Amino acid sequence: MTSAPLTKPRFSWDRVVQWSMVVLTITLVVFPAWPIVYQSFLAKPLYDQGRNFTFSNYTKMLANEKFWHILGYTAAFAIAATILALAIGILLAVLINRTDLPLRKFYFNLVTIPYYVSPLVLAFAWMEMYGPQGFGTILVRALKLPTWQLYSFWGIVVVSAMYYIPNTFLYATSSLALADPQLESAARIGGATPFQTILRVTVPLLRPAILYSALLTLVSALELLSIPLVLGNGVGIDTLSTYIYVLGVVGVSKDYGAIAVVAIFVVLLVTVLVYLQGKLTTLERRFVTLGGKATRPKLLELGKMKGVVSFIVGLYILLGIILPLASIVLESFVPFLSPFANPLKMLTFENYQGIFSSPAYRQSVTNSIYISIFAAGIGILFMALVSLTAYRSTFKGRGVVKYMALYPRAFPGIIVGIGFLWAFLLVPGIGSLRNTLIAMSIAFIMRYLPLGFSAVSPAIMQISDELDRAGRVGGATWLGTIRHILLPILRPALLSGYIILAISFLKEYAVALFLFSEGSRVIGTTMIELWKQGGAEPVAALSTIQMAITAFLIFGSTRLLGVKLHGK
Amino acid sequence: MENNLIIQNLTKQFAGVSSVAISNINLTVKEGQLATLLGPSGCGKSTTLNCIAGLEEPTEGVIRVGDFTMTNTAKGLLLPPEQRQLGMVFQSYALWPHMKVFDNVAFSLKLQKVKGDELKKRVMDSLDLVGLADLADRYPFQLSGGQQQRVALARAVVTRPRLLLLDEPLSNLDAKIREQARVWVRELQQRVGITTVYVTHDQSEAFAMSDMIAVMNKGELLQFAPPEEMYSHPATQFVAEFIGATSFLKGVIASMDGSRLTVRVANGDILKLTDRSSKSWNVNQNVTIAIRSERVEMAGAQRDGNILNAGVKSSTYLGSKWQHVVDTGSGSLKVETVDTAPSERMSLYLPPDSILLFPEEK
Ligand SMILES: Nc1ncnc2c1ncn2[C@@H]1O[C@H](COP(=O)(O)OP(=O)(O)OP(=O)(O)O)[C@@H](O)[C@H]1O
Ligand SMILES: [Mg+2]
């Protein structure tokens, strides 16, 4: 055999980038997690001198009756909200997608509105309309009709369900689109009425979707902070999230050990649910009956009920979504909102002037915009690279990446904030970053890594890998293939991922609550600050600003750039 | 120094899979020749090709073109695909949907910093070669399957690569176009004079196009030979079966005289044959004999033995000929005739030179 000199492989950045993606992903998850675990075993705050290890945080918490009470309350609230959101979401999905309901196309977009609105804003909006001093409540009271108590268990459940209905609705809608409509036709031919068909065939076909979105909603409801906080705070209602918030922000003596223990408890609980949900996705593939796409489903006729049903759905949208949001917009333009004073005679920009004349408040708006534009942009590129490493490389560590990128789902926003705050305090040399938008952006990206990852990776998997193989053999490195071939093909998916991320960053408040400081306020934190000071009108103005930016993002991207936000 | 493609001891085992995908493949493809990897689905053809391309990392082995070593596991050398200077055509053609035909073909050249008129000339020359110069401004989705396939080929040869690798490039074409495509792929390969490895599971395609054929099964290379030799002297029973309509009869060696043997089949008939394999045989050894349907003749008056009487079991009209399955009393044979079967029974002559001999497979 000849022993010709071997050509050494030329250096390429491929491995460096793949390594960085793996290391960054793991770091991003571990970085905020370890200080919490660490703190849970410390007697004093973790940045104090003299670190004594102890189990007393755990033993104290487990012996604390209040903790168990809150746990039970949180579970009851989350389950009730989930059931309500599922029932209404699925009903709406079937009615709007599968029947000849009048105005169904029009309703579709309206039903999804809360998806784009921060739960904080939704809570304020319902408070404005249906709170004890709410416009609607006063009106009903004046008519001598029985009223209700929004600041209660059921009040919180209903508003939270309103927030989750778009999710359950959209999930059921996409499952319905996958289901074979011939199955419904077969039932009709077999003698079933439209209603029997819905009950016996359509809804049972959705079973995997129902289970899946039930867990998704449950996980989200367990960690939901804003709605229980805004509606329950004044009447002494606590959930695990508000408890952490009160312990850490409001409380006079901040008990860091207790916060850490509750946080760990929540993360473990959610981890179990997220794990179950992961099992379900694989199960679900067996259920879905593909192949019905080519034939347009024949709509079920509602018959004489048509008008009535459409009226009820319209009423739901009007009372549940439009009126509360409209009232908060209106309130932002008046000194006070009341059914006894004509608001149109008191129109004013005072509330906005109030916000824009305060440098701190003004900055919170610009900060939110910066984060939405830049952090979301960097974030989506990072998530795309992580996803490409996971699904389109031969890198040995890519299996770990798939798992790690999804794991932040188990971290409630408020805990992500605490974790990053403590990590920045603890790790030497990076403390100066703590008060900056950089720290805030990193925390936001970590929190939404699963969202971006699962928005981008299906699009990646749809591209035949022969396309990148052809690029490699044709002389391009892995990075070159990504740049010249994959990214251009992925552009639409990345763009819609970017918009979804930008909207999420704009809405986000929980991550920022612990982390923010002078200089890194965002809209959400300022809203809560103002709310605590009792200023309903400035809060309304901020809510309106947030909704306006979101609306701008949605219309700009869908109309001008042709972005599709959910697979319609 | 000749730039032959040399593959030594190539083995690939996928992580988490207990069996090997390919085991200990040794091949040499002469410069300018076209070698086909032929075998049933899952036998490891694509894996072998991907190892050559560098898209798959072999567990063991050496792959080189002349002096240019691309893979040498013992020395820890594994050149990434982009540094091998190869051309490849995929089953789905893998044309990049966001680039026009021109840009698809220009891709590798641009990476090599070829610019301006030179770039244009080389891309158009390559498109000329496949007769598609006037479609340079189209997008891939505006082309027919056959045209896409040709663009893929133009893209693969535009850089004058060391090797051309083709993984079932014709399998997505209609039967009619596929036959034409064979001819011009082969013509193009010969005109460019490029060393080529071609993967297919279609034996007629392999025979029509190749200088050499490698028959594979279950990850092993069974035989590597020119088409005529493969046809007349298949190395194993599997190869004989895979490359043509062949019938098999079981028997026992009755006598031996050098390379001339006689075999007794089940009902006692004795068949003479000439063995040209270099295997060693013993009297009374259990064997399998094989004969192709087109080699079986109708018995005439003058023949000296090797006659079998058989009853016709079924007849199928194939367009240009009839194929019959007949029962000889020692097993079934496939036989071809120009007209329909003359009668219920026929008398068959098996030429001694056309009978192949294999040890009985367990
Ligand atoms: N990524 C992989 N992981 C595990 N096993 C694999 C992988 N790719 C291929 N195999 C296995 O290796 C064997 C050879 O596969 P290969 O794709 O080379 O077959 P092939 O001859 O090209 O078949 P076909 O004609 O169907 O394309 C098969 O048993 C296949 O299941
Ligand atoms: Mg293959």
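Here is how names work: the chains are called A, B, and so on, in the same order as the sequence lines, proteins then strands, and each is numbered from 1. Everything numeric here is computed off the predicted structure, so don't read it as measured data.
The environment of NZ in B:Lys120 is sparse: at most 12 heavy-atom neighbours from other residues, nucleotides or ligands sit within 6.0 Å. The environment of CZ in A:Arg15 is crowded: more than 12 heavy-atom neighbours from other residues, nucleotides or ligands sit within 6.0 Å. The number of heavy-atom neighbours closer than 6.0 Å to CZ of A:Phe11, taken from other residues, nucleotides and ligands shown, is above 12. Enclosure of atom CZ in A:Arg483 is not indicated, since only 12 or fewer non-hydrogen atoms of other residues, nucleotides or ligands lie within 6.0 angstrom.
Heavy atoms of B:Gln85 lying under 4.5 Å from chain A are absent altogether. For chain A, the nearby part of B:Met99 is the side chain; its heavy atoms alone come within less than 4.5 Å. Only the side chain of A:Asp14 comes within contact range of chain B, judged by heavy atoms closer than 4.5 Å. Proximity to chain A involves both the backbone and the side chain of B:Ser92, based on heavy atoms less than 4.5 angstrom apart. Neither the backbone nor the side chain of B:Asp167 comes within less than 4.5 Å of any heavy atom in chain A. Contact annotation for B:Leu86: both backbone and side-chain heavy atoms come within less than 4.5 Å of a heavy atom of chain A. Residue contact with chain A, scored on non-hydrogen atoms closer than 4.5 Å, is absent for B:Leu165. Heavy atoms of B:Leu109 lying under 4.5 Å from chain A are absent altogether. Of the two parts of A:Thr7, the backbone and the side chain both hold a non-hydrogen atom closer than 4.5 Å to a non-hydrogen atom of chain B.
Between chain B and the options A:Gly471, A:Ser12, A:Ser464, the largest number of non-hydrogen pairs under 4.5 Å is found for A:Gly471. The most heavy-atom pairs under 4.5 Å with chain A, out of B:Leu79, B:Thr159, B:Val89, come from B:Leu79. Taking chain A as the reference chain and counting heavy-atom pairs below 4.5 Å, the highest number among B:Gly54, B:Ala94, B:Pro161, B:Ala15 is found for B:Ala94.
If you take NZ on A:Lys8 and CD on B:Gln83, they are separated by 12.5 Å, rounding to the nearest 0.5 Å.
Counting heavy atoms from C-beta outward, B:Pro80 and A:Thr477 have side chains that stay 4.5 Å or more apart. Side-chain contact between B:Glu82 and A:Thr481: absent, with no pair of heavy atoms (C-beta onward) separated by less than 4.5 Å.
No donor-acceptor pair closer than 3.5 Å links the side chain of A:Glu466 to the backbone N or O of B:Phe90.
Pairing each heavy atom of B:Phe107 with each of A:Ile485, the nearest pair is CZ-CD1, 4.0 Å. Here the closest non-hydrogen pair linking A:His484 and B:His98 is O-NE2, 2.8 Å. Summarising the geometry of A:Pro9 relative to B:Leu77, their closest heavy-atom pair is CD-CD1, 3.7 Å, with the distance given to 0.1 Å.
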